[in-house]
Amino acid sequence: MQNPGEESTSLKGIQDVAAELGVTHRTLRFYEDQGLIQPRRVGQTRIYSRREVGRMQLILRGKRLGFSIRDIREFLDLYDTEPGHEGQTAHLLARVRERLEDLAQQRRALDETIAELRQIEQEAATHLARG
DNA sequence: CTTCTTACA
DNA sequence: TGTAAGGA
């Protein structure tokens, strides 16, 4: 509410943050339940600072890249625990490689499916052409 | 099972 | 806001 100009205000309500990030307030609450974010409370109202919004952006990015909520929570926990440390980066690297391999496997599966469909396509087209 | 969304109390 | 229910 009360947020006309809005860009200089780094303290936002759930609806503002949700709109800004393109998610619903329920999604923000879901992530909160999952322990990914911990917005401050002023009474019962959640207040999202730039830190929370920043974390949300990281969460959304992790999601885009195909990481699970558990993975993302681990990343964030490590970042909180040992910011900029080797262990953190090593862990990230390991997960990224896992993800890359996962995607490579999916690509192989896709290629197989496509090849199979093309085969059928060829046979069907040939069959039609011959009458 | 995971990740949300919708809806109702 | 908790939660059931449902979709993907």
Side-chain angles (χ1 to χ4, degrees):
Chain A
M1 307 48 187
Q2 69 273 327
N3 227 338
E6 174 251 318
E7 66 223 63
S8 58
T9 304
S10 61
L11 302 181
K12 302 168 183 165
I14 193 168
Q15 297 293 356
D16 300 305
V17 176
E20 176 180 330
L21 297 176
V23 301
T24 69
H25 69 290
R26 285 300 192 175
T27 298
L28 292 180
R29 285 198 51 198
F30 180 76
Y31 288 152
E32 184 179 336
D33 286 343
Q34 298 302 311
L36 300 187
I37 52 178
Q38 300 164 244
R40 306 203 321 266
R41 296 297 186 89
V42 172
Q44 59 185 236
T45 307
R46 292 172 173 77
I47 299 299
Y48 296 80
S49 62
R50 219 172 56 208
R51 165 187 155 91
E52 307 302 329
V53 177
R55 281 173 78 92
M56 271 304 300
Q57 286 171 342
L58 288 178
I59 292 165
L60 264 17
R61 176 146 109 123
K63 219 167 66 81
R64 268 184 16 239
L65 298 179
F67 290 105
S68 69
I69 290 211
R70 284 188 177 180
D71 286 339
I72 295 170
R73 183 172 51 223
E74 261 185 336
F75 295 150
L76 292 177
D77 285 349
L78 279 183
Y79 183 77
D80 288 338
T81 303
E82 40 172 352
H85 273 252
E86 272 182 33
Q88 184 204 170
T89 304
H91 185 264
L92 174 67
L93 178 60
R95 291 309 173 129
V96 164
R97 284 179 168 157
E98 278 177 21
R99 182 71 187 126
L100 283 172
E101 232 180 82
D102 205 42
L103 287 174
Q105 168 55 47
Q106 285 183 43
R107 170 175 280 172
R108 285 193 289 277
L110 273 179
D111 286 343
E112 268 183 48
T113 301
I114 289 172
E116 199 171 330
L117 286 170
R118 286 205 169 128
Q119 179 66 28
I120 296 173
E121 177 191 29
Q122 285 299 83
E123 291 169 1
T126 300
H127 186 94
L128 281 186
R130 288 178 178 165

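Lettering follows sequence order; numbering is per chain, from 1.
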From CG of D71(A) across to P of dC1(B) the rounded distance in Å is 19 Å
Quick one: L65(A) CG to dT3(B) P, roughly how many Å, whole number? 15 Å
Separation of F67(A) atom CZ from dT2(B) atom P, in whole Å? 18 Å
Check whether any side-chain N or O of Y31(A) sits under 4.0 Å from OP1 or OP2 of dT3(B), and answer yes or no. no
Using Watson-Crick or G-U wobble geometry with both distances below 3.5 Å, tell me the partner of dC1(B), or none. none
Looking at R41(A) and E32(A), is there a salt bridge between them, counting it only when a charged N and a carboxylate O are closer than 4.0 Å? yes
Rounding to a whole Å, what distance do you find between D33(A):CG and dT3(B):P? 13 Å
Distances for protein N or O near nucleotides 7-9 of chain B N or O, under 3.5 Å:
| unit_1 | atom_1 | unit_2 | atom_2 | d |
| --- | --- | --- | --- | --- |
| dA7(B) | N6 | R26(A) | NE | 3.3 |
| dA7(B) | N6 | R26(A) | NH2 | 2.8 |

All N/O donor-acceptor pairs, side-chain side in residues 47-54 of chain A, below 3.5 Å, sequence neighbours left out:
| unit_1 | atom_1 | unit_2 | atom_2 | d |
| --- | --- | --- | --- | --- |
| S49(A) | OG | R51(A) | N | 3.4 |
| E52(A) | OE1 | Q38(A) | N | 3.4 |

Indicate, with a heavy-atom threshold strictly under 4.0 Å, whether Q34(A) touches base, sugar-phosphate, or nothing. nothing
In this structure, how many angstroms lie between the C1' atom of dC4(B) and the CZ atom of R64(A), rounded? 18 Å
Provide the closest heavy-atom pair for R95(A) versus F67(A) in the form atom of the first, atom of the second, distance. O-CE2, 3.7 Å
Can you check the E32(A) CD to dT3(C) C1' distance for me, whole Å? 16 Å
Would you say Q105(A) has more than 12 foreign heavy atoms packed within less than 6.0 Å of its CD? yes
Integer-rounded Å distance: dC1(B) P and F30(A) CZ: 14 Å
Kindly state each residue pair satisfying salt bridge (Lys or Arg N to Asp or Glu O under 4.0 Å) with at least one member in residues 122-131 of chain A, sequence neighbours excluded. none
For residues I59(A) and L76(A), determine if any side-chain heavy atom of one lies less than 4.5 Å from a side-chain heavy atom of the other. yes
Between C1' of dT3(B) and CD1 of I59(A), the distance in whole Å: 13 Å
Could you tell me whether R99(A) and D102(A) make a salt bridge, using a distance below 4.0 angstrom between a side-chain N and a carboxylate O? yes
